[in-house]
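Data first, discussion second: the structure below is written as structure tokens.
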Amino acid sequence: MPAERPEIPAGLYPRRLARLRERAEAGRYDRLVVWADREHSANLAYLSGFDPRFEEALLVLGPAGEPAILVGNENLAMAAAAPLRMRTVTYQHFSLPGQPRDRTLPLGEILAAEGIGAGSRVGVIGWKTYPSREAIDAPAYIVDELRRLTGPARPRRERHRAADRRR
């Protein structure tokens with residue numbers, strides 16, 4: 001048995017996030033969201049050191065600043081204690097059944113406050129890859145809300161022209 005428990009240095013997480021932001025910028029994404037639950041938490045744990053032991057979590061990453069982590073009641077303290085600094089946002093519908101859900105904003109309002117809106121290009125990071133980029137393994141209600149907020153998909157060439165005009 002080792003004398004010490006192996007630990008990932010806390011300074012590694014901001015570097016991982018910086019690399020992800022570089023890839024997001026190269027791919028012309030405005031925001032990235034990383035969905036996780038107890039069984040599918042590797043991407044979130046890799047990026048933040050936070051493992052959502054109770055139910056679901058959603059990381060929203062913009063081009064700068066602290067990412068937001070949406071968690072239910074049971075995960076508030078655990079998310080706040082993660083090695084990566086994140087703004088915790090209570091989204092009580094990520095809580096276990098029977099938990100209070102009376103102090104939460106609708107998911108669309110939370111995502112809009114995080115900068116997701118009409119024309120945004122949002123990358124969704126789950127845990128599988130599929131032949132089609134249209135197939136997303138995050139829960140349908142999250143994907144539906146993202147699609148509702150961002151509007152209809154535009155052809156790739158048109159998206160790049162719009163991104164070039166914004167720069």
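Just so you know, these numbers use all the heavy atoms, side chains as well, and skip hydrogens, waters and symmetry mates.
- In this structure, CG on Leu146 lies 5.5 Å from CG on Leu111, to the nearest 0.5 angstrom.
- Note: the hydrophobic cluster containing Ile116 also contains Leu105 (ILVMFWY, side chain heavy atoms under 4.5 Å, direct or indirect links).
- Here CG of Leu32 is found 10.0 Å from CZ of Arg23. Values are rounded to the nearest 0.5 Å.
- Separation of atoms CG (Asn75) and CG (Leu70) is listed at 11.5 Å; rounding is to 0.5 Å.
- Side-chain atoms of Ser95 and Asn73 form a donor-acceptor pair, as typed in the model, at a separation below 3.5 Å.
- Atom CD1 in Ile69 sits 11.5 Å away from atom OG1 in Thr90 (nearest 0.5 Å).
- The shortest side-chain heavy-atom distance between Leu107 and His93 does not fall under the 4.5 Å cut-off.
- Residue Tyr91 comes nearest to Ile110 through the heavy atom pair CD1-CD1, 3.6 Å, listed as atom of the first residue, atom of the second, then distance.
- Taking every heavy atom of both residues into account, Ala68 and Val89 meet most closely at CB-CG2, 4.1 Å.
- Taking hydrophobic clusters as Ile, Leu, Val, Met, Phe, Trp and Tyr residues chained together by side-chain heavy-atom distances below 4.5 Å, Tyr13 shares a cluster with Ile125.
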Pair Leu149-Val122, side chain to side chain contact (heavy atoms under 4.5 Å, CB included): steps then yes or no: CA-CA 10 Å; Leu149 287 167; Val122 179; over 6 Å; no
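- In plain terms, the two heavy atoms of Arg31 and Glu114 that are nearest each other are NE-O, 2.7 Å.
- Ile142 and Leu96 sit in two unconnected hydrophobic clusters of ILVMFWY residues. Membership requires side-chain heavy atoms under 4.5 Å apart, directly or through other members.
- The heavy-atom pair separating Gln92 from Thr104 by the smallest distance is N-OG1, 3.2 Å.
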Could you tabulate the donor-acceptor pairs under 3.5 Å formed by side-chain atoms of residues 47-61, not counting sequence neighbours?
from	atom 1	to	atom 2	distance (Å)
Ser48	OG	Leu44	O	2.8
Ser48	OG	Phe50	N	3.1
Asp51	OD1	Arg38	NH1	2.9
Asp51	OD1	Ser41	OG	3.1
Asp51	OD2	Arg38	NH1	3.0
Glu56	OE1	Trp35	NE1	3.1
Glu56	OE1	Tyr141	OH	3.3
Glu56	OE2	Tyr141	OH	3.4

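- Closest non-hydrogen pair, Pro67 versus Leu84, comes out as CG-CD2, 4.2 Å.
- Surrounding CD of Glu7 are more than 12 heavy atoms belonging to other residues, nucleotides or ligands, all under 6.0 Å away.
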Mind listing the side-chain donor-acceptor pairs of residues 14-21 below 3.5 Å, one per line with the distance, residues two or more places apart or on another chain?
from	atom 1	to	atom 2	distance (Å)
Arg15	NH1	Gly11	O	3.2
Arg16	NH1	Tyr46	O	2.7
Arg19	NH2	Tyr46	OH	3.2
Arg21	NE	Gly62	O	2.7
Arg21	NH2	Gly62	O	3.4
Arg21	NH2	Gly65	O	2.5

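- How far CD of Glu66 is from CZ of Arg87: 7.0 Å, rounded to the nearest 0.5 Å.
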